[in-house]
2 protein chains.
Amino acid sequence: MDMPQLRLVDSKTSVTKEKILDAAEGLFMEHGFEATGLRQITAEAGVNLAAVNYHFGSKEELFQAVLTRRLDPMNQERLALLDRLETDARDQPLTCEAIIGAMIIPALTLARDKARGGKNFLRLTGRAYADPAPFIRQFLSHQYAPMIARFKAAFGRTLPHLPARELSWRLHFLMGALSYTLAGTDVLKLISELNPVATDNDELLLRRLGPFLVAGLQAPLADLSELSELSAKPKAGRRGVRPA
Amino acid sequence: MDMPQLRLVDSKTSVTKEKILDAAEGLFMEHGFEATGLRQITAEAGVNLAAVNYHFGSKEELFQAVLTRRLDPMNQERLALLDRLETDARDQPLTCEAIIGAMIIPALTLARDKARGGKNFLRLTGRAYADPAPFIRQFLSHQYAPMIARFKAAFGRTLPHLPARELSWRLHFLMGALSYTLAGTDVLKLISELNPVATDNDELLLRRLGPFLVAGLQAPLADLSELSELSAKPKAGRRGVRPA
DNA sequence: AAAGGATTCAAACAAACGTTTGAATGTTTC
DNA sequence: GAAACATTCAAACGTTTGTTTGAATCCTTT
């Protein structure tokens, strides 16, 4: 039988390949990229050491594969949500809440789905955002550029009074608070020592982040005229900190 | 020549010690802790390899020394500023702007002072905030705990209507946006491709961050009653988010 | 069954890692 | 001047790093 080429090799996604991805995801999340060894990964995955270079080529390419596996679908989900909001609203501009929701909800969904890495994976991406390694920065730019451009345009329509440059800044702050929150470091404990927050409830977390970001985006413009006063070196403090 | 040597060894800091600190500061900032080798550091500092372990004990202790050199004075400055504001205001509660200013201004001053590392150093600390390495987390907690506690109390007096737990969250978001902004990764370019921001003007940067954070802190409380709607896997939403 | 490609495996690779050593040099104190 | 301490230096320590190799094994196709 001249069966058409259904027997494909690419869609195979061999078992070892995913075992490596799973193990690498957890270890990269916990110790970071540089501090995680290939031997730890392959040991936890139960595969041979050489399997990484065979299936992925290098450690860096493995790291990118770990990220794309989850990030790509999530960003597509974000764009799909935004698309739907815009077509539903016709010409009317969207609310800030709605747009931010389109950014947050896919992340929330991912955080809940333990089969897709859960919040551990989000911590990994939050960490990657602060990594200066060129291959990471380049990868993230290429991965996020289209999504962020679309959302920036959406915010621009919703906040027409805001100069483009100001919007760029505020989006930067927004991404900071978001990725930092998703990274979920233990600075949290540092802030609220006596009333520890339930870190397992990511829904509440993002639900509280929303209003914070909305208010920040809608904040009145800064008055840049009289800024030299505060920034001046404080004159002789009378009751200062004891230099013991 | 009986000229008394002018106490060249200011037993506090030898020349090589500071050369190492300077070189390490730059390299840690650029490549991160794990990715920076002691041989790079000592080569750039022009000192012997063993000098690091002789003067600092280990690589980890060197890293902590790099951080404390700048961070300690900055946090003391923050506390001194807050102290002065509170004594000036007597019993009156401070404004959000003022408290945030006390956090931001010392960072701004440090960013301007190139002799103290400038903004490069701030990028290093922003990076350290996202690092999961236990010794880094422990060090930062110990270093920041008193300062954050004081500022949290100040915010609590200014925003009495805000539940303590909510305030903890918002402080977390605030620290996220702040440290992320200070880290100053190139995601900035990603957001504003066509209107690149002048990254050298840190004063304007932090001046714009202020209103964003003030508005976020003063945001109305989240309505936590009907939160299952948005987060739920696409069902039927009222207006806005509607699943396909 | 034989061939051929895909995958696994143990072993080794060179390079880099942080740290230690012991002698050589510099500096201060008696 | 000599003893005592502080610092520098070259060299090597034992691991660990990411990557490569070549043969063994599995699986599909002829």
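Here is the naming used below: chain letters follow the sequence lines, and residue numbers restart at 1 for every chain. What you see below is based on every heavy atom in this structure, not just the backbone, and it leaves out hydrogens, waters and symmetry mates. All figures in this text were calculated on a predicted structure; none of them were measured in a lab.
- As rounded to whole Å, 16 Å separates atom P of C:dG22 from atom CG of B:Asn53.
- Phosphate contact (OP1/OP2 of C:dT7, side-chain N/O of A:Asn48, threshold under 4.0 Å): absent.
- Taken from CD in B:Gln143 to CG in B:Leu71, the straight-line distance is 6.0 Å, to the nearest 0.5 Å.
- Remark: P of D:dT15 and CZ of A:Arg39 are 14 Å apart, rounded to the nearest angstrom.
- As rounded to whole Å, 15 Å separates atom C1' of C:dC13 from atom CG of A:Leu38.
- The phosphate of C:dA6 (OP1 or OP2) has no side-chain N or O of A:His55 nearer than 4.0 angstrom.
- Within the nucleic acid shown, A:Thr42 has no heavy atom closer than 4.0 Å to any nucleic acid atom.
- Going from atom NZ of B:Lys19 over to atom C1' of D:dT7 covers 13 Å, rounded to whole Å.
- At least one side-chain heavy atom of B:Arg69 sits under 4.5 Å from a side-chain heavy atom of B:Asp22.
- Nucleotide C:dG18 holds its P atom 14 Å from the CD atom of B:Glu61, rounded to whole Å.
- Atom CD1 in B:Ile20 sits about 14 Å away from atom C1' in C:dG18, given to the nearest Å.
- No engagement by A:Glu60 is indicated, since no non-hydrogen atom pair under 4.0 Å with the nucleic acid exists.
- In terms of position along DNA chain D, the nucleotide closest to A:Ala35 lies nearer the 5' end than the nucleotide closest to the other residue of the pair A:Tyr54 and A:Ala35.
- Side-chain atoms of B:Lys59 come within 3.5 Å of backbone N or O of B:Phe33 as a donor-acceptor pair.
- Side chains of B:Phe151 and B:Arg78 form a contact here, defined as non-hydrogen atoms less than 4.5 Å apart.
- Rounded to a whole Å, the CG atom of A:Leu49 is 18 Å from the P atom of C:dT7.
- Across C:dT19, D:dT20, D:dA10, the shortest atom-to-atom separation from the side chain of B:Ala50 is found for D:dA10.
- In the set C:dT21, D:dT8, D:dT19, the nucleotide with an atom closest to the side chain of B:Thr16 is D:dT8.
- Inter-residue side-chain proximity for B:Leu213 and A:Phe173 is flagged as unmet; no heavy-atom pair is nearer than 4.5 Å.
- Of the side-chain N and O atoms in B:Gln40, none sit less than 4.0 angstrom from OP1 or OP2 of C:dA16.
- Residues B:Gln40 and B:Ala35 come closest through the heavy atom pair NE2-O, 3.6 Å.
- Residue B:Ile105 holds its CD1 atom at 12.0 Å from CE of B:Met103, rounded to the nearest 0.5 Å.
- Pairs of Watson-Crick or G-U wobble type, with distances under 3.5 Å, assemble into runs of 3 or more in DNA chain D at these ranges: C:1-12 with D:19-30, C:14-27 with D:4-17.
- Taking 4.0 angstrom as the limit, A:Ser14 places none of its side-chain polar atoms (N or O) nearer than this to OP1 or OP2 of C:dT7.
- Atom CZ in B:Phe56 sits about 16 Å away from atom P in C:dT20, given to the nearest Å.
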